[in-house]
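Written out below as structure tokens is the structure these notes cover.
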Amino acid sequence: MSGNQVRLQAIEQITNRAPKKVAQTEPLKQIWAQDVFNLQRMSEALSKNAFKAIKQTVQSGAVLDKATADIVASAMKDWAISKGAKFFSHVFYPMTNITAEKHDAFIITNSEGNAINEFTGSLLIKGEPDGSSFPNGSLRMTNAARGYTAWDPTSPAYIQQTANGATLMIPSVFMSWTGEALDKKIPLLRSNAAMNKAAQKVLSLMGETDIADVGSSCGPEQEYFLIDENFANARPDLLLTGRTLFGAAPAKGQQFDDHYFGAIPARVQVFMQDFEDKLYKLGIPAKTHHNEVAPGQFEIAPYYGAANIGADQQQLLMTTMKQTAKEHGFLCLLHEKPFAGVNGSGKHVNWSVGNSTQGNLLDPGKTPHSNLEFLLFCGAVIRGVHKYGPLLRAVIATASNDHRLGANEAPPAIMSVYLGDQLEKVFEDIKAGKLTTSTDGGAMDLGLSQILHFDRDPGDRNRTSPFAFTGNRFEFRAVGSSQSVSGPLVAMNTMLADSLNWIAEKLEAALETQDQTAAVITVLKELMELHGNAVFGGDGYSSEWHKAAVEERGLLNLPTTADALPHLLSDDVVALFKNTGVLSPVELESRYEVYAEQYNLAIEVEAKLVSDIAKTKIYPAVITYLSELTHATASVADLGIDLDSSIAKQVAGLANSLMASVAKLDAEIVKHDFANTEAHMRFSADVICPLMAEVRESADQLELLVADELWPLPKYSEMLFIK
Ligand code: ADP
Ligand code: MG
């Protein structure tokens with residue numbers, strides 16, 4: 001079949017395509033977490049003592065002793081086998097954004113040749129995948145490529161069901177034989193511990209005596225596109241890179257905003273329910289789903305939970321979503337910008353910190369005292385965003401997210417923090433010295449009591465801010481839809497740890513001469529003088545802000561990954577991770593290398609594909625059209641029809657410029673020698689990306705001229721609107 005036939009057939013196949021038939025869903029109560037080996041399952045399966053030991057580990061992350069590990073492993077195995085599992089797998093999260101698995105059978109044979117099932121504590125806590133092909137940023141030489149995985153008992157094991165089997169999945173950390181982190185889970189656990197330690201200091205300086213472990217929470221909102229598989233199969237760019245490398249804007253785009261929160265198409269509705277049932281079985285609390293701004297775009301947000309588990313669940317959610325979409329005849333696109341000129345997809349990471357004794361520390365609270373603690377934690381975030389803005393930008397830097405950040409529908413690539421009018425005023429007053437305590441050190445003046453009536457959900461959400469306070473949490477809005485949430489969580493926890501350490505030191509000094517309230521205000525005043533420049537409540541999309549942020553406030557605008565990633569190795573960031581014990585300089589550098597390589601690779605693959613599609617799909621269609629046109633011109637001229645030859649001329653001109661641009665791109669794709677990784681990234685950003693755009697420019701104009709029935713690639717109007 002030629003390209004255009006594939007496209008025309010796709011249109012035919014999906015017109016009025018019926019939803020997939022799925023079994024009636026079962027009640028939530030019946031299916032909730034049925035495939036998870038959680039504390040409740042353990043309490044049913046284990047002796048009292050063993051359960052007590054594992055519960056301690058699960059709740060505090062304490063090391064699991066060998067004897068308990070054996071008992072838990074045996075119970076876990078029996079449970080998994082009763083659910084049909086023959087295999088188990090450590091699941092881990094390498095430095096790429098993917099989820100990795102290494103499957104092993106439970107089976108071993110005994111001396112009589114009978115198959116028996118075996119699974120010991122040491123297999124549970126330690127697995128040994130040959131990780132030689134996982135990017136490690138030169139942390140391991142390939143010839144000594146031993147990487148270890150070990151169960152993270154704070155994240156429960158679960159069963160992965162497929163059409164004809166089940167596998168016990170064990171969430172794990174992944175490290176080198178020398179103990180360096182090779183994954184995204186280890187730094188997340190470490191960052192949480194560092195944040196807890198610093199928070200404890202501040203809370204005890206505030207006079208708290210009963211302080212439970214402070215942990216971070218995460219509630220991710222995931223945006224995605226669904227495209228019918230028939231269209232996807234005719235678009236190698238979508239299949240290989242997750243985005244359309246070509247495609248003219250449709251006559252009807254999203255101008256009317258008629259998709260947002262509109263009725264969900266039936267096929268999608270059936271997909272969502274099926275998908276969410278799978279999530280419920282896996283103990284993932286899917287909470288809201290709705291249409292998003294762009295046609296064909298949707299969102300799912302699970303209820304928030306502990307950051308470490310939330311991060312694992314988010315990975316599982318993405319895998320399950322792609323798989324389920326396939327079963328329903330869709331391609332699920334998690335790319336940040338699958339369609340030019342149409343809204344992209346983000347993943348808002350809602351983040352807060354708290355514990356069981358003081359509650360949510362980013363919630364204004366009901367008493368003046370809890371308000372003071374809130375202000376300190378909130379101040380700590382402000383300082384973090386200011387001091388480590390470039391880090392926050394770097395952890396969301398990918399080739400795909402570059403297409404979205406700074407575009408007019410997504411947060412800018414300048415990191416600032418939005419507080420809402422009320423809270424911003426409080427901090428501005430503190431900075432200006434207007435918020436003082438009464439002389440007797442007793443009741444607060446008007447300034448602080450205004451926070452008492454703080455509106456928890458201010459409603460005046462600023463959608464143009466990359467980092468916004470939303471009443472009892474911060475929402476990191478600039479995170480990319482395809483990303484793991486771990487990197488952003490690590491950055492937020494670690495910057496908070498650093499700020500809380502700074503605050504603890506200042507507070508301790510201030511408390512020597514001042515009462516508590518006055519000391520808090522003193523510290524926050526200094527904090528705001530140093531870091532208040534990161535607070536911004538205006539329009540983040542406006543060009544005035546782009547100018548003022550850089551020129552007046554000294555904030556950095558880092559539009560591409562090539563600009564942002566090198567900041568991972570800045571002195572400030574190296575010191576931050578080293579001092580908090582979250583990443584050693586060597587570990588950090590290896591991450592930089594891996595992320596930079598991913599960026600260059602992504603762009604290289606796209607560039608090759610741009611050239612390939614232009615030459616083998618678009619150009620042939622253009623030539624066919626041209627020959628039809630010239631043929632027609634000759635034969636109808638006799639009839640006296642005045643056939644306008646200007647179209648043919650236009651098409652011919654564009655065909656020439658298309659191929660001229662392709663030739664330029666081809667000349668640059670060849671191997672280059674680069675002085676270092678940064679130079680390679682600069683080349684990708686400054687040379688390759690613009691050339692790809694140049695090829696596209698001619699191709700997209702041709703799409704609007706060449707006869708519709710000849711065009712080989714499904715068009716935006718088809719992919720986005722036919723359901
Ligand atoms: P919106 O689109 O208005 O931002 P959503 O309801 O779509 O709101 O998503 C809000 C997300 O924030 C949900 O995942 C929710 O569970 C999460 N969330 C709510 N409170 C907290 C909190 N204290 N910490 C972290 N996440 C939270
Ligand atoms: Mg949100």
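The figures that follow rest on heavy atoms only: side chains count, while hydrogens, waters and symmetry mates do not. Read the numbers this way: they start at 1 and go in the same order the structure lists the ligands and their atoms. Bear in mind the structure is a predicted one, so any value in this text is a computation, not a measurement.
Ligand 1 has no nitrogen or oxygen under 3.5 angstrom from a nitrogen or oxygen of Y303. On a distance-only criterion, A301 and ligand 1 share no N/O pair closer than 3.5 Å. For a threshold of 3.5 Å applied to N or O pairs, the pair formed by E221 and ligand 1 contains at least one separation below that value. Taking only nitrogen or oxygen atoms, main chain and side chain alike, N350 reaches within less than 3.5 Å of ligand 1. Taking any N or O of R463, backbone or side chain, none lies under 3.5 Å from an N or O belonging to ligand 1.
With a 6.0 Å radius and a threshold of 12 heavy atoms from other residues, nucleotides or ligands, K287 has its NZ atom at or below the threshold.
Counted by atom type alone, H386 and N533 present zero donor-acceptor pairs between their side chains at under 3.5 Å.
Nearest heavy atom pair, residue Q222 against residue Y224, reads O-CD2, 3.9 Å.
Around atom 17 (C) of ligand 1, the closest heavy atom drawn from Y304, W351, F474 belongs to Y304.
Contacts between N360 and ligand 1, counted as non-hydrogen atom pairs separated by less than 4.0 Å, involve the side chain only. When non-hydrogen atoms are compared, ligand 1 lies under 4.0 Å from neither the backbone nor the side chain of K287. Using a 4.0 Å cut-off between heavy atoms, H348 makes no contact with ligand 1 at all.
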